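In this text, all values refer to a predicted model and were calculated from it rather than measured experimentally. Below, each value reflects all heavy atoms present in this structure, side chains not excepted, and no hydrogens, waters or symmetry copies. One is the number of the first residue; the rest follow in order along the sequence.
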Amino acid sequence: MSTPTKLTPPWDFLPVDISSVEGNAHPEVKRMLAQPYGFGQEDTGFAGDIARRLKLVEASLIPKAEEPKKLEARVVFEIDAETDMLNGGGNIHGGCSAFLVDWCSTAALGAYTYETTGRPQWGVSQSISTVYHSPAAYGDKLRIVNTTLTVGSRVVSARTEIWNATHHRLVVSGIHVKMQPSGGAKL
């Protein structure tokens with residue numbers, strides 16, 4: 001797949017500093033992913049405060065290890081676990097983890113489609129599968145690593161791993177399957 005030489009943002013981006021964002025993704029892709037309100041939306045709705053605290057640290061398109069002629073997007077965010085992310089036991093809530101898998105894997109899929117077609121495609125969720133490996137507590141730094149798995153014309157998927165960077169252990173892994181919605185719903 002060839003990368004478009006000029007990407008035109010689908011909306012006006014707020015000015016954000018992307019100079020510290022690693023990776024080979026186009027600067028417009030990085031700018032899109034670094035938006036404080038999430039991919040150009042003025043208000044993220046559910047868990048908006050958490051989404052606004054995500055810090056983009058890497059955005060890349062790299063050859064797939066198993067299929068070097070194909071690309072995969074790798075998008076990495078970091079966030080510190082705060083009280084609005086915790087359950088009654090003081091660890092990151094499973095619902096918050098699922099939200100992070102949803103939001104951050106979608107970022108990888110949007111980065112891939114924007115980089116390769118010039119237009120980000122978000123789709124709608126079909127399935128989010130999560131496995132909880134270990135806890136993360138208040139103040140722990142989380143590193144959220146997202147890679148695209150498949151990108152087809154209708155169905156796309158990505159993998160997310162949420163790592164506890166403070167204690168060097170895997171907290172959550174997830175697979176997110178999305179699809180492009182069909183035309184208007186017919187009841």
Side-chain angles (χ1 to χ4, degrees), residues 18 20-25 29-30 32-39 41 44-67 70-112 122-151 155-179:
I18 59 167
S20 65
V21 178
E22 296 178 10
N24 65 355
V29 172
K30 291 179 179 180
M32 172 187 70
L33 297 174
Q35 292 298 301
Y37 293 101
F39 321 142
Q41 301 175 44
T44 58
F46 177 78
D49 289 339
I50 296 168
R52 282 187 282 280
R53 292 195 312 265
L54 287 165
K55 180 183 178 204
L56 178 67
V57 296
E58 179 188 342
S60 298
L61 255 72
I62 55 177
K64 291 180 81 64
E66 291 75 22
E67 290 185 73
K70 292 190 175 188
L71 296 174
E72 67 182 11
R74 175 182 162 92
V75 174
V76 180
F77 291 97
E78 289 181 347
I79 189 169
D80 292 333
E82 295 186 17
T83 54
D84 62 346
M85 300 167 70
L86 306 179
N87 61 24
N91 295 307
I92 189 169
H93 192 287
C96 180
S97 298
F99 166 75
L100 291 171
V101 169
D102 180 359
W103 189 264
C104 296
S105 63
T106 297
L109 292 164
Y112 180 91
W122 310 112
V124 295
S125 297
Q126 280 187 309
S127 168
I128 300 175
S129 174
T130 54
V131 177
Y132 302 96
H133 303 277
S134 66
Y138 177 82
D140 287 349
K141 179 177 288 300
L142 304 178
R143 184 171 173 85
I144 307 163
V145 180
N146 310 276
T147 53
T148 54
L149 295 173
T150 61
V151 180
V155 178
V156 296
S157 61
R159 173 183 41 247
T160 297
E161 294 179 344
I162 302 175
W163 287 89
N164 186 327
T166 304
H167 298 287
H168 310 286
R169 61 185 178 211
L170 182 61
V171 176
V172 173
S173 58
I175 301 291
H176 190 185
V177 179
K178 300 187 85 165
M179 65 175 286

List for me each residue that meets side chain to side chain contact (heavy atoms under 4.5 Å, CB included) alongside [X], sequence neighbours excluded, and say none if there are none.
X    : value
V156 : L109, V151, K178
T150 : S157
A73  : L61, Y112, T148
D102 : T106, S125, I128, H176

Contact summary for [X] and [Y], nearest pair of heavy atoms:
X    : Y    : answer
C104 : F77  : SG-CD1, 3.7 Å
T166 : G139 : OG1-O, 4.4 Å
A136 : L142 : CB-CD2, 3.7 Å
A107 : L33  : O-CD2, 3.6 Å
N24  : S60  : OD1-CA, 3.1 Å

Give, for atom [atom1] of [X] and atom [atom2] of [Y], the distance between the pair rounded to the nearest 0.5 Å.
X    : Y    : atom1 : atom2 : value
I50  : F99  : CD1   : CZ    : 6.0 Å
I162 : I92  : CD1   : CD1   : 5.5 Å
S97  : M85  : OG    : CE    : 7.5 Å
W163 : L170 : CH2   : CG    : 4.5 Å
H167 : D140 : NE2   : CG    : 4.0 Å

Partner residues of [X] under the salt bridge (Lys or Arg N to Asp or Glu O under 4.0 Å) criterion, sequence neighbours left out:
X   : answer
E67 : K70
E78 : R143
K55 : none

Task: Pair V124-M179, side chain to side chain contact (heavy atoms under 4.5 Å, CB included): steps then yes or no - done: CA-CA 5 Å; V124 295; M179 65 175 286; 3.8 Å; yes
Task: Close side-chain approach of E58 to V75, heavy-atom, < 4.5 Å - done: no
Open item on the list: In the structure I gave you, are the side-chain heavy atoms of L149 and I175 within less than 4.5 Å of one another anywhere?
Closed with: yes
- [ ] Could you go through the side chain to side chain contact (heavy atoms under 4.5 Å, CB included) check for E72 and I62 one step at a time?
- [x] CA-CA 6 Å; E72 67 182 11; I62 55 177; 3.7 Å; yes
Open item on the list: Run the side-chain hydrogen bond (donor to acceptor under 3.5 Å, both in side chains) test against N91 and tell me which residues pass, sequence neighbours left out.
Closed with: none
Task: Under the side-chain hydrogen bond (donor to acceptor under 3.5 Å, both in side chains) test, residues paired with D80 that sit two or more places apart - done: K141
Task: Within residues 81-101 or reaching into it, pairs that qualify as salt bridge (Lys or Arg N to Asp or Glu O under 4.0 Å) - sequence neighbours excluded - done: R53-E82, R53-D84
TODO: Not counting sequence neighbours, list each pair that qualifies as a salt bridge (Lys or Arg N to Asp or Glu O under 4.0 Å) and has a residue in residues 157-176.
DONE: none
Open item on the list: Does anything in residues 130-139 form a side-chain hydrogen bond (donor to acceptor under 3.5 Å, both in side chains)? List the pairs, not counting sequence neighbours.
Closed with: T130-Y132, H133-S173
Task: Identified side-chain contact (heavy atoms from CB on, under 4.5 Å) counterpart of I144 within the set L54, V172, V76 - done: L54
Open item on the list: Under 3.5 Å, is there a donor on one side chain and an acceptor on the other for T160 and N146?
Closed with: yes
